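One structure below.
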Amino acid sequence: MENKVITRFAPSPTGRLHIGGARTALFAWLFAKSHQGKCLLRIEDTDLERSKSEHTKAIIDSFSWMNIQFDDEVIYQSKNKEKHLSAAKNLVKSNAAYFCSCTSERLKNLREEQQKNGLKPKYDGKCRELDLKEGSDTVIRFRNPQEGSVPFTDLVKGVIEISNHELDDLIIVRSNGTPTYNLSVVVDDIDMDITHVIRGDDHINNTPRQINIFKALGAKEPIYGHVPMILGEDGKRLSKRHGAVGVFEYEQLGVLPDALKNYLVRLGWSLGDQEIFNHEELVNKFKEGNINNSPSTFSFEKLSWFNKEYLSQIDSENLLSTLSSMETEFSQDDYSLEVLNLIRQRCSLMSDFSSESEYFFREVEDYDPKAVKKCINQQAIELLSEVLSEFESSKSWKASDVQEIIEKVLSKHELGFGKIGLPLRVALTGSINSPSIDRTAEVLGQKVVVERIQKAIKEFS
RNA sequence: GUCCCCUUCGUCUAGUGGUUAGGACACCUGGUUUUCAUCCAGGCAACAGGAGUUCGACUCUCCUAGGGGACGCCA
């Protein structure tokens with residue numbers, strides 16, 4: 001009980017759940033689960049300007065879509081404001097923090113001056129020893145140690161040691177009386193008994209500051225694990241201009257939750273040569289694997305491949321039922337099931353089912369010009385007419401019957417299959433890419449096939 | 001500018017002093033197939049560069065270069 005692992009994911013609700021955030025959360029969650037621990041969700045909603053409750057909802061929805069359940073109830077950081085403030089007061093009392101009356105204006109000038117001189121912008125400690133009292137526009141600053149360094153052993157990066165000279169006295173309570181991020185995080189992590197902080201490596205620089213606050217508060221700091229960022233295909237940090245970056249967008253595109261999860265986890269984590277890990281395997285084996293310490297590039301191609309793999313594992317009945325619950329032409333009947341079985345190996349995204357099945361549910365309106373140019377000529381039209389009359393009079397309509405008829409006409413003219421197969425495919429589907437023509441014709445049905453050939457002949461004559 | 005992190009095929013990665021540097025995606029070739037897709041077989045392709053340490057470096061150390069990140073009264 002004492003040494004139970006507790007991790008947390010702490011997004012700020014300023015937008016939908018981002019792929020990068022989702023992966024960090026996944027790592028934190030899997031880390032906890034593979035150690036039989038807990039993972040908590042803390043919404044960092046203290047930026048009242050940008051935080052929106054609808055975003056909180058969207059974030060939680062994305063996680064439940066991915067089958068990630070956080071433990072206990074969701075914690076809202078804004079509700080802990082009093083705790084943060086009282087921690088700040090204690091710090092002032094113990095002389096680990098002090099009031100500061102420097103204006104934003106002065107700070108801004110100071111920063112510019114330092115930058116100009118090639119220095120790292122830092123607070124110069126003007127009020128550090130002034131022993132000021134609380135005033136109407138004073139802030140509280142943390143009295144960061146000026147000597148020594150802060151070493152910590154990162155779970156993924158190894159030993160990192162940062163000199164206190166690099167750190168300055170950061171503001172922990174604003175002049176309007178609200179606590180700032182670095183204070184809130186520490187107080188909440190203590191409050192929630194967090195044992196391991198798994199977060200993006202853009203937080204590495206905050207870590208030594210936070211460790212100093214932990215110490216000043218008399219608490220033991222958690223173990224940290226900083227996971228590298230995800231980059232876009234151009235090697236820059238993944239952002240909006242790289243296209244789809246939200247979990248919700250992938251859901252819309254028809255990516256399966258397990259596929260997205262598997263892809264995201266493998267992006268930066270590995271266990272030997274294995275690629276496919278189902279949910280249970282991840283939960284059981286995550287801690288045996290290795291988190292990479294360099295940033296990785298997002299690849300839609302590979303995600304697509306994962307999706308295809310997961311798609312192929314779903315049986316047709318289940319697939320049909322999810323498909324018919326989506327905005328597609330599929331419904332829960334035999335015809336849809338046959339269509340599905342005919343086209344499923346041609347699809348890697350759920351959205352592919354619509355485009356691949358179009359001609360099964362709707363009339364062929366447009367013929368692919370390239371296909372027409374390649375396959376339709378006078379001879380093709382004559383052959384189509386011949387096949388048409390055989391089709392019309394056929395008593396039975398199985399794929400084998402269609403096959404037989406085509407071959408009969410073919411052998412009469414001593415021609416190869418393509419002479420009829422291709423034009424027929426164009427007539428029935430509008431293009432030359434489709435499943436085998438006999439099965440396609442069978443599923444389409446005799447009546448539809450006859451009508452489409454008639455229409456095509458009229459169109460091309 | 002300062003500090004921090006990172007660097008194996010195009011991409012995701014395995015590798016922890018001695019390997020023909022392995023797998024996956026993508027790509028290419030061949031086979032199966034009435035087209036495409038699927039499937040099967042094969043192929044191309046990498047240790048950023050330079051110094052050390054060592055009998056021996058992809059593996060350890062340092063430097064350089066490149067990439068990413070952080071430097072807010074945002075989180």
Side-chain angles (χ1 to χ4, degrees), chain A residues 10-14 44-47 49-51 77 100 102-104 107-108 111 114-122 137-141 154 156-158 160-163 165-168 170-182 184-185 200-208 226 228-229 231 233 235-237 263 266-276 290 292-299 301-306 308 312 343-348 356 371 374-375 403 406-407 410 416-422 424-426 429 431-438:
Chain A
S12 49
T14 53
E44 308 217 321
D45 56 349
T46 51
D47 184 346
E49 298 277 303
R50 298 193 298 152
S51 296
Q77 189 163 62
C100 165
C102 295
T103 61
S104 311
L107 263 21
K108 189 174 159 240
R111 261 196 299 275
Q114 289 164 328
Q115 293 248 18
K116 210 167 65 187
N117 296 328
L119 296 168
K120 184 173 189 162
K122 292 199 309 195
D137 45 13
T138 50
V139 300
I140 300 179
R141 278 186 190 275
D154 191 277
V156 340
K157 310 264 185 189
I160 297 176
E161 181 169 356
I162 298 194
S163 164
H165 293 292
E166 295 300 327
L167 275 24
D168 66 353
L170 62 279
I171 292 171
I172 55 176
V173 177
R174 301 184 185 91
S175 55
N176 68 6
T178 58
T180 62
Y181 170 73
N182 280 297
S184 302
V185 167
D201 71 3
D202 50 337
H203 282 287
I204 288 183
N205 294 278
N206 287 327
T207 303
H226 288 97
M229 317 249 79
L231 274 24
E233 313 248 0
K236 300 281 182 210
R237 187 222 256 268
Y263 173 69
R266 275 292 284 104
L267 198 58
W269 175 89
S270 62
L271 210 189
D273 284 341
Q274 191 173 342
E275 293 284 344
I276 304 287
N290 168 255
N292 209 89
N293 53 6
S294 52
S296 33
T297 307
F298 187 86
S299 157
E301 299 260 18
K302 187 135 188 192
L303 169 58
S304 202
W305 175 79
F306 272 104
K308 197 168 202 162
S312 71
I343 65 163
R344 58 176 300 171
Q345 72 202 133
R346 319 169 69 79
C347 303
S348 45
E356 290 292 335
K374 186 179 167 195
C375 321
Q403 172 86 9
I406 294 173
E407 296 200 333
L410 248 22
F417 196 95
K419 292 291 178 196
I420 292 180
L422 261 16
L424 191 52
R425 188 168 265 122
V426 173
T429 72
S431 87
I432 47 172
N433 298 337
S434 76
S436 71
I437 195 66
D438 49 353

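Below, chains carry the letters A, B, ... as their sequence lines are ordered, and counting in each starts from 1. Remember, it's a predicted structure, so these values are computed and weren't measured experimentally.
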Practice task
Sticking with atom C1', work out how far B/C3 lies from B/U8, rounded to a whole angstrom.
Solution key: 28 Å

Handout entry: Same-atom distance (C1') from B/U61 to B/U54, integer angstrom
Key = 12 Å

Practice task
Can you tell me the distance, in whole Å, between the CZ atom of A/Arg344 and the P atom of B/U38?
Solution key: 15 Å

Completion exercise
From the candidates B/U13, B/A75, B/G1, the one with an atom nearest any side-chain atom of A/Tyr181 is B/A75

Handout entry: Sidechain-backbone polar pair: A/Arg266 side chain, A/Gln274 backbone, donor-acceptor under 3.5 Å
Key = yes

Practice task
Check every atom of B/U34, B/C6, B/U11 against the side chain of A/Lys157 and return the nucleotide holding the closest atom.
Solution key: B/C6

Problem - Touch class at under 4.0 angstrom, heavy-atom based, for A/Gly268 against every strand present - result: sugar-phosphate

Exercise for the section: Consider the side chain of A/Gln77, meaning its heavy atoms from C-beta on, and name the nucleotide among B/A75, B/G69, B/U11 that approaches it most closely. Expected result: B/A75

Problem - Any side-chain heavy-atom pair of A/Pro228 and A/Ser294 under 4.5 Å - result: no

Enumerate the protein-to-nucleotides 21-23 of chain B contacts in which both atoms are nitrogen or oxygen and the separation is below 3.5 Å.
from	atom 1	to	atom 2	distance (Å)
B/G22	N2	A/Asp273	OD1	2.7
B/G23	N2	A/Glu275	OE2	3.1

Handout entry: A/Gln115: side-chain hydrogen bond (donor to acceptor under 3.5 Å, both in side chains) partners, not counting sequence neighbours
Key = none

Exercise for the section: Report which part of the nucleic acid A/Ser104 touches: base, sugar-phosphate, or nothing (heavy-atom distance under 4.0 Å, all strands). Expected result: base

Exercise for the section: Could you grab the distance from atom CD1 of A/Ile162 to atom OG1 of A/Thr207, nearest 0.5 Å is fine? Expected result: 7.5 Å

Exercise for the section: Ignoring backbone atoms, test whether A/Asn290 places a side-chain nitrogen or oxygen under 4.0 Å from the OP1 or OP2 oxygen of B/A14. Expected result: yes

Problem - Polar contact flag, side-chain donor to acceptor under 3.5 angstrom, A/Ser431-A/Asn433 - result: no

Problem - Base partner of B/A24, which must satisfy Watson-Crick or wobble distances under 3.5 Å - result: B/U11

Exercise for the section: Measure from CG on A/Asp202 to C1' on B/G68 and round the result to the nearest Å. Expected result: 11 Å

Handout entry: Gap in Å between the two P atoms, one belonging to B/U16 and one to B/U59, rounded
Key = 13 Å

Completion exercise
Of the candidates B/G72, B/C5, B/C12, the side chain of A/Thr297 sits closest to B/C12

Exercise for the section: Can you tell me the pairing partner of B/C39 across any strand shown, Watson-Crick or G-U wobble, with both distances under 3.5 angstrom? Expected result: B/G31

Handout entry: Nucleotide nearest A/Pro121 (side chain, heavy atoms from C-beta), chosen from B/U34, B/G1, B/A75
Key = B/G1

Exercise for the section: May I ask you to decide if A/His165's main-chain N or O and A/Lys122's side chain share a donor-acceptor pair within less than 3.5 Å? Expected result: yes

Handout entry: Nearest listed nucleotide, side chain of A/Asn433, among B/G69, B/U35, B/U13
Key = B/U35

Exercise for the section: Whole angstrom is fine here: how far is it from CG in A/Leu170 over to P in B/C73? Expected result: 9 Å

Handout entry: Spacing of the C1' atoms in B/U33 and B/A46 (rounded, Å)
Key = 36 Å

Problem - Whole-Å gap separating P (B/G69) and CD1 (A/Ile160) - result: 17 Å

Problem - Any donor-acceptor pair under 3.5 Å from A/Asp154 side chain to A/His226 backbone - result: yes

Problem - Between B/G67 and B/A48 - P atom distance, rounded Å - result: 16 Å

Exercise for the section: Pick base, sugar-phosphate or nothing for A/His226, based on heavy-atom distances below 4.0 Å to the nucleic acid. Expected result: nothing

Handout entry: Toward the 5' end of RNA chain B, by each residue's nearest nucleotide, A/Leu267 or A/Asp47
Key = A/Leu267

Exercise for the section: With P as the reference atom in both, quote the distance from B/A41 to B/U7 in angstrom, rounded to an integer. Expected result: 34 Å

Fill in the blank from the handout: When rounded to the nearest 0.5 Å, the distance separating CG of A/Asn292 from CH2 of A/Trp269 is 12.5 Å

Practice task
Test A/Thr178 against A/Asn176 for side-chain hydrogen bond (donor to acceptor under 3.5 Å, both in side chains), laying out the working first.
Solution key: CA-CA 6 Å; A/Thr178 58; A/Asn176 68 6; 2.7 Å; yes

Fill in the blank from the handout: The answer to which of A/Asn182 and A/Cys347 contacts RNA chain B further toward the 5' end, by nearest nucleotide, is A/Cys347

Practice task
Check for a donor-acceptor pair, side chain of A/Arg425 on one end and backbone N or O of A/Pro435 on the other, with a separation under 3.5 Å.
Solution key: yes

Practice task
Verify, without hydrogens or angle tests, whether A/Tyr263 (side chain) and A/Ser304 (backbone) share a donor-acceptor contact under 3.5 angstrom.
Solution key: no

Problem - Gap in Å between the two P atoms, one belonging to B/U29 and one to B/C12, rounded - result: 25 Å

Handout entry: Nearest listed nucleotide, side chain of A/Ile171, among B/A75, B/U35, B/C73
Key = B/C73

Using the 3.5 Å cut-off, write out each protein N or O paired with an N or O of nucleotides 7-10 of chain B and the distance between them.
from	atom 1	to	atom 2	distance (Å)
B/U7	OP1	A/Asn293	OD1	3.3

Practice task
Side-chain contact test, heavy atoms from C-beta onward, threshold under 4.5 Å: evaluate it for A/Phe306 versus A/Ile276 and give yes or no.
Solution key: yes

Practice task
With P as the reference atom in both, quote the distance from B/A37 to B/G30 in angstrom, rounded to an integer.
Solution key: 13 Å

Handout entry: Identified pairing partner of B/U59, criterion: Watson-Crick or G-U wobble below 3.5 Å
Key = none

Completion exercise
Checking N1-N3 plus N6-O4 or O6-N4 for Watson-Crick, or N1-O2 and O6-N3 for wobble, each under 3.5 Å, the partner of B/U19 is none

Handout entry: Proximal nucleotide (of B/A75, B/A26, B/C5) relative to the A/Thr180 side chain
Key = B/A75

Handout entry: Integer-rounded Å distance: B/G68 P and A/Glu233 CD
Key = 15 Å

Practice task
Any strand is fair game: report the nucleotide pairing with B/A48 by Watson-Crick or G-U wobble, both distances under 3.5 Å, or none.
Solution key: B/U64

Problem - B/A75 phosphate, OP1 or OP2, under 4.0 Å from A/Thr46 side-chain N/O - result: yes

Completion exercise
Regarding the side chain of A/Gln345, the nearest nucleotide among B/C12, B/U34, B/U38 is B/U38

Practice task
May I ask you to evaluate whether A/Ser434 reaches the phosphate of B/U35, defined as a side-chain N or O under 4.0 Å from OP1 or OP2?
Solution key: no

Exercise for the section: For A/Pro435, report the nucleic acid contact type (base, sugar-phosphate, nothing); a contact means any heavy atom under 4.0 Å. Expected result: base

Handout entry: A/Ser312 side-chain N/O to B/U38 phosphate OP1/OP2 under 4.0 Å
Key = no

Problem - Length of the line joining A/Arg237:CZ and B/G69:P, which is rounded to integer Å - result: 5 Å

Fill in the blank from the handout: Whole-Å distance, A/Leu231 CG to B/G66 P, equals 17 Å

Handout entry: B/G1: pairing nucleotide in any strand, Watson-Crick or G-U under 3.5 angstrom
Key = B/C71

Completion exercise
Scanning both residues in full, the closest heavy-atom pair of A/Leu410 with A/Phe417 reads CD2-CA, 3.5 Å

Practice task
Calculate, to the nearest 0.5 Å, the distance between atoms CG and CD1 belonging to A/Asp201 and A/Ile160 respectively.
Solution key: 8.5 Å

Problem - Interatomic distance, A/Lys308 NZ vs B/U38 C1' [rounded to whole Å] - result: 7 Å

Practice task
Decide yes or no, distance alone: a donor-acceptor N/O pair under 3.5 angstrom between the base of B/C73 and the side-chain of A/Ser175.
Solution key: yes

